[in-house]
Amino acid sequence: MPSGSDLKSVLRPWVHRARHRWNTALYGECMVLLYHRVVDIPTDPQLLAVKPVHFDAHMRLLKERFSVLSVEEFDHHLLRRERFPKGSVLLTFDDGYADNHTEARPLLEKHGMQALFYIASGYIGSGREYWWDELERLLLVNNALPQRFAFAEDRVRMSWSSDGTTATEHARIAYANQLLIMRALPSGKRDAILEELRVQLGSVVHRHTHLPMGVEEFKAFAGSPSVVVGAHTQWHPSLAQVDEPEQRAEITRSKEDLEHLLGREVKYFSYPFGTGADFNATTERISRETGFLHTAANYPGVVHARSPRHHFPRFLVRDWDGPEFRRQLDTFRRG
Ligand SMILES: [Zn+2]
């Protein structure tokens, strides 16, 4: 006979599914999809890129089988707590890569669809790679890695020597470890560390394949009927891991930056990284106080009319072909 805790763990998926079916029946369903990049690139350790041919297949399938909402329609249901139509989908993108303008926007326009693009405002027009991409360039795609290397600054520590193992293997381990540490640093410290690493590791040129949009590009992008702009902090920290003044500055300045560039109100926000470890009650309060209508998180789940307005779930989309995308959507939908 199962113990109390065994019984609980046996029942948990059943309770979850029953709740999912109940909520869907009463409050409808909307799958909010999370994309980052639409591009074909040779290396992608964060799995952020969806090939244009796959993105096109995704849009075709959505058009055939689902109902892709405009941002205004999504607002209507979430903010007024009105039941979402069956099979609703909202498209979202995080970060603000240049390929959002050159690849994703034309395909959205072709299919007559709209997406909500959450932009890390500091990167727009900076000519700099996003910090996780820069760390990848420095450590994983750098052909000139020194055989011996030691670096320690703040919580970031990395070292290797060529004895026994190659520098490349050490750099790969350092990359995985440092990503987690660097996301918790305030942007000033992270920048100083990257600057030092650029010099020491001899890799200073940003890859054009990994750039955010330039200012003029961003303005043209934001003028498309397929594009609605939301904020995503200035420099993409894990908000829950920096102090309250830093959180507030990152959140409010991203709204101000984007409004200044576009000359119109920016009403939406998404938490960088967006897992339960990346935002907390303070983050959520600042997001409300800053005046955002709603805020997206990044954990899987179907949105319905009673979902939390300031941390609703999204499904991460990977570089799936059409049939795999269809299978994944069916899995998402079952809850
Ligand atoms: Zn992001």
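The basis for the numbers below is simple: all heavy atoms, side chains too, and nothing from hydrogens, waters or symmetry mates. Note that ligands are numbered from 1 as they come in the structure, with each ligand's atoms numbered from 1 the same way.
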(request) Can you list, by chain and residue number, the protein N, O or S atoms under 2.8 Å from the Zn ion (ligand 1)? (result) Asp95 OD1, His232 NE2, His236 NE2

(request) Without swapping roles, check the side chain of Arg207 against the backbone of Glu129 for a donor-acceptor pair under 3.5 Å. (result) no

(request) Could you tell me which non-hydrogen atom of Tyr271 sits nearest to which non-hydrogen atom of His310, and how far apart they are? (result) OH-O, 2.7 Å

(message) Tell me every residue that passes side chain to side chain contact (heavy atoms under 4.5 Å, CB included) with Ser88, counting only those two or more places apart in sequence or in another chain.
(response) Cys30, Leu69, Phe84, Pro85

(message) For Asp278 and Thr275, which I'm curious about, is there any donor-acceptor pair between the side chains at under 3.5 Å?
(response) yes

Please output the side-chain donor-acceptor pairs of residues 104-111 that fall under 3.5 Å, not counting sequence neighbours, one pair per line with the distance.
from, atom 1, to, atom 2, distance (Å)
Arg105, NE, His101, O, 3.1
Arg105, NE, His101, ND1, 3.0
Arg105, NH1, Glu109, OE1, 3.0
Arg105, NH1, Glu109, OE2, 3.2
Arg105, NH2, His101, O, 3.2
Glu109, OE2, Ser224, OG, 2.6
Lys110, NZ, Asp56, OD1, 3.1
Lys110, NZ, Asp56, OD2, 3.2
His111, ND1, Lys63, NZ, 3.3
His111, NE2, Asp56, OD1, 2.6

Using atom types as modelled, flag every donor-acceptor pair under 3.5 Å from a side chain in residues 209-218 to any protein atom, sequence neighbours excluded.
from, atom 1, to, atom 2, distance (Å)
Glu217, OE1, Gly214, N, 2.8

